[in-house]
Novice: 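Structure below; questions to follow.
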Amino acid sequence: TSDSASMNLALNNALNVALYYKEVGEGVKVEVITFGPGLHMLRDDTSPVKARIEEMALSTPEVSFKACGNTQEKMQKAENKNIPIVAQAQVVRSGVVRVMQLQEQGWSYVKP
């Protein structure tokens, strides 16, 4: 979703998971994967949580960010301009496929 409250909830969840496992002495990796309207979270030009992502990338390396390349391409065509992604995120070909791949590897899927 492009709703900033939902974005902040997702970031809260990711941070809480990372902090929990750090406190119990276990390693964990969290990927925040955006697609569809949720790509606005990682758009350099429209993200309402850009500063928070920048801070989390520095303070919580267990959390990474992935942006859907398919959604980025569709937005570029629709808006007739380049859609920049924040430097802290990596573009993957398909956000949905990335979720599926991680689930096949045993990762848990959490949707806030």
Side-chain angles (χ1 to χ4, degrees):
T1 176
S2 60
D3 175 62
S4 64
S6 295
M7 291 178 190
N8 275 300
L9 178 58
L11 294 175
N12 289 346
N13 289 169
L15 184 60
N16 287 339
V17 168
L19 292 174
Y20 172 85
Y21 283 98
K22 186 179 282 186
E23 287 173 3
V24 298
E26 293 183 36
V28 70
K29 290 184 180 181
V30 177
E31 282 194 17
V32 176
I33 304 168
T34 64
F35 50 89
L39 187 70
H40 285 282
M41 174 189 269
L42 299 179
R43 279 184 59 162
D44 196 54
D45 60 339
T46 62
S47 176
V49 292
K50 182 179 172 181
R52 189 163 180 209
I53 289 169
E54 292 170 353
E55 187 275 326
M56 282 182 71
L58 294 172
S59 68
T60 316
E62 303 88 351
V63 178
S64 63
F65 300 93
K66 303 294 189 284
C68 177
N70 289 335
T71 300
Q72 182 186 29
E73 287 179 23
K74 287 179 182 171
M75 286 182 174
Q76 286 175 162
K77 287 179 184 176
E79 297 179 32
N80 198 32
K81 68 176 189 174
N82 182 50
I83 301 299
I85 301 300
V86 297
Q88 297 76 19
Q90 175 187 5
V91 176
V92 295
R93 184 171 176 190
S94 169
V96 172
V97 170
R98 181 65 182 161
V99 170
M100 292 168 55
Q101 291 170 334
L102 292 175
Q103 285 184 295
E104 289 170 359
Q105 295 171 22
W107 286 52
S108 298
Y109 174 64
V110 177
K111 182 179 178 183

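Predicted model, so just to flag it, every value in this text is computed and none were measured.
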Novice: With rounding to the nearest 0.5 Å, note down the distance linking CD in Glu55 to CD in Gln88.
Specialist: 11.0 Å

Novice: Look only at the side chain of Gln72 and the backbone of Ile83, and say whether a donor-acceptor pair between them is shorter than 3.5 Å.
Specialist: yes

Novice: For Cys68 and Ser94, which heavy atoms make the closest approach, and how far apart are they?
Specialist: SG-CA, 3.9 Å

Novice: Any chain of hydrophobic side-chain contacts (each under 4.5 Å) joining Val24 to Val17?
Specialist: yes

Novice: In Å and rounded to the nearest 0.5 Å, what is the CG to OG1 distance from Leu19 to Thr60?
Specialist: 6.0 Å

Novice: Phe65 and Val92: same hydrophobic cluster, using ILVMFWY side-chain contacts below 4.5 Å?
Specialist: no

Novice: Look at the side-chain heavy atoms of Ile, Leu, Val, Met, Phe, Trp and Tyr, link any pair under 4.5 Å apart, and say whether Leu102 and Val28 land in one connected group.
Specialist: no

Novice: If Ile, Leu, Val, Met, Phe, Trp and Tyr residues are connected whenever their side-chain heavy atoms lie under 4.5 Å apart, and connections chain through other members, are Val91 and Met100 in the same group?
Specialist: no

Novice: Are the side chain of Ser64 and the backbone of Val32 linked by a donor-acceptor contact shorter than 3.5 Å?
Specialist: no

Novice: Locate the shortest heavy-atom distance separating Pro48 from His40; write the atom from each residue and the value.
Specialist: CD-O, 4.1 Å

Novice: Show your reasoning for whether side chain to side chain contact (heavy atoms under 4.5 Å, CB included) applies to Glu31 and Trp107.
Specialist: CA-CA 10 Å; Glu31 282 194 17; Trp107 286 52; 4.0 Å; yes

Novice: I need the minimum non-hydrogen distance between Val30 and Ala14, along with the two atoms involved.
Specialist: CG1-CB, 3.8 Å

Novice: Would you name the heavy atoms of Gly36 and Met75 that are closest together and state the gap between them?
Specialist: O-CE, 3.6 Å

Novice: Decide whether Ile33 and Ile53 are clustered together by the hydrophobic rule: side chain heavy atoms of Ile, Leu, Val, Met, Phe, Trp, Tyr closer than 4.5 Å, transitively.
Specialist: no

Novice: Identify the two heavy atoms, one from Leu42 and one from Lys66, that lie closest to each other, and give their separation to 0.1 Å.
Specialist: CD1-O, 3.2 Å

Novice: Can you list the steps and then say if Val63 with Leu15 is a side chain to side chain contact (heavy atoms under 4.5 Å, CB included)?
Specialist: CA-CA 8 Å; Val63 178; Leu15 184 60; 5.9 Å; no

Novice: Can you list everything that forms a side chain to side chain donor-acceptor pair (under 3.5 Å) with Gln76? Sequence neighbours excluded, please.
Specialist: none

Novice: Can you tell me how far the CD atom of Gln90 sits from the CZ atom of Arg98, to the nearest 0.5 Å?
Specialist: 7.5 Å

Novice: Roughly how far, to the nearest 0.5 Å, is CD of Glu54 from OG of Ser47?
Specialist: 8.5 Å

Novice: Looking only at non-hydrogen atoms, find the nearest pair between Tyr109 and Gln103 and report the distance.
Specialist: CB-NE2, 3.4 Å

Novice: Roughly how far, to the nearest 0.5 Å, is NZ of Lys111 from CG of Asn13?
Specialist: 12.5 Å

Novice: Calculate, to the nearest 0.5 Å, the distance between atoms CE and OG belonging to Met41 and Ser2 respectively.
Specialist: 11.0 Å

